Amino acid sequence: MALNNSKNRINKIKRTLDPNNLVNIAYPVFVKNTPIKTGNARSRTSKYGTEISANYPYAQRLDNGWSKQSPDGMVKPTIAAIRAYIKKTLGI
């Protein structure tokens, strides 16, 4: 019985930490935290497999808090959301 519980727990951890799953959690948070002025930054943010691409020359400035709309940038809130998801899902 304990072995089954261990296997179930390991499978849950694998599903939770699967990169395809994590990018599906991260992408909407990243986009939501991308400031909007003209819409260029959000429209040029995309997901390719397990990567999020911010394909515009001022992405780093925005991520460093350049915009008052998103003073924490995009990466910090995205990482926080992933951590919260992992903690909630795994009960840690």
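What you see is a predicted model, and the numbers here were worked out from it, not measured in a lab.
Distance alone, capped at 3.5 Å, is enough to place a donor-acceptor pair between the Thr38 side chain and the Asn40 backbone. Arg42 places no side-chain N or O within donor-acceptor distance of the main-chain N or O of Pro35, the cut-off being under 3.5 Å. Distance alone, capped at 3.5 Å, places no donor-acceptor pair between the Asn64 side chain and the Trp66 backbone. Side-chain N or O atoms of Tyr27 include one that pairs as donor or acceptor with a backbone N or O of Thr45 at under 3.5 Å. Without hydrogens or angle criteria, Arg44 side chain to Tyr56 main chain gives no donor-acceptor distance under 3.5 Å. Between the Asp63 side chain and the Ala59 main chain, no donor and acceptor come within less than 3.5 Å of each other.
Around the CD atom of Gln60, the shell of radius 6.0 Å holds no more than 12 heavy atoms that belong to other residues, nucleotides or ligands.
By the 4.5 Å heavy-atom criterion applied to side chains, Glu51 and Val23 are not counted as neighbours. Counting only heavy atoms from C-beta outward, the side chains of Thr78 and Ile82 approach each other to under 4.5 Å. At a threshold of 4.5 Å between non-hydrogen side-chain atoms, the residues Thr89 and Lys12 count as touching. Taking 4.5 Å as the limit, some side-chain heavy atom of Ile10 sits within range of a side-chain heavy atom of Lys14. Considering only heavy atoms from C-beta on, Lys47 comes within 4.5 Å of Asn24 through its side chain.
The minimum heavy-atom distance between Asp72 and Pro77, with the atom names listed, is O-CD, 3.6 Å. What you find for Tyr58 and Ala41 is that their closest heavy atoms are OH-N, 3.7 Å.
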Would Leu17 and Ile13 count as a side-chain contact (heavy atoms from CB on, under 4.5 Å) here? Give the steps. CA-CA 6 Å; Leu17 299 179; Ile13 291 168; 3.7 Å; yes
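Note that the OG atom of Ser67 and the CG atom of Leu62 stand 6.0 Å from one another [nearest 0.5 Å]. Atom CD1 of Ile25 sits about 9.5 Å away from atom CD1 of Ile86, to the nearest 0.5 Å. Here CE of Met74 is found 14.5 Å from NZ of Lys32. Values are rounded to the nearest 0.5 Å.
Side-chain contact check for Tyr85 and Asn21: at least one donor-acceptor pair (N or O, by modelled atom type) lies under 3.5 Å.
Hydrophobic cluster of Ile36: no remaining members, since no ILVMFWY side chain lies below 4.5 Å from it.
The cluster map of Ile, Leu, Val, Met, Phe, Trp and Tyr, joined by side-chain heavy atoms under 4.5 Å apart, puts Val75 and Ile52 in the same cluster.
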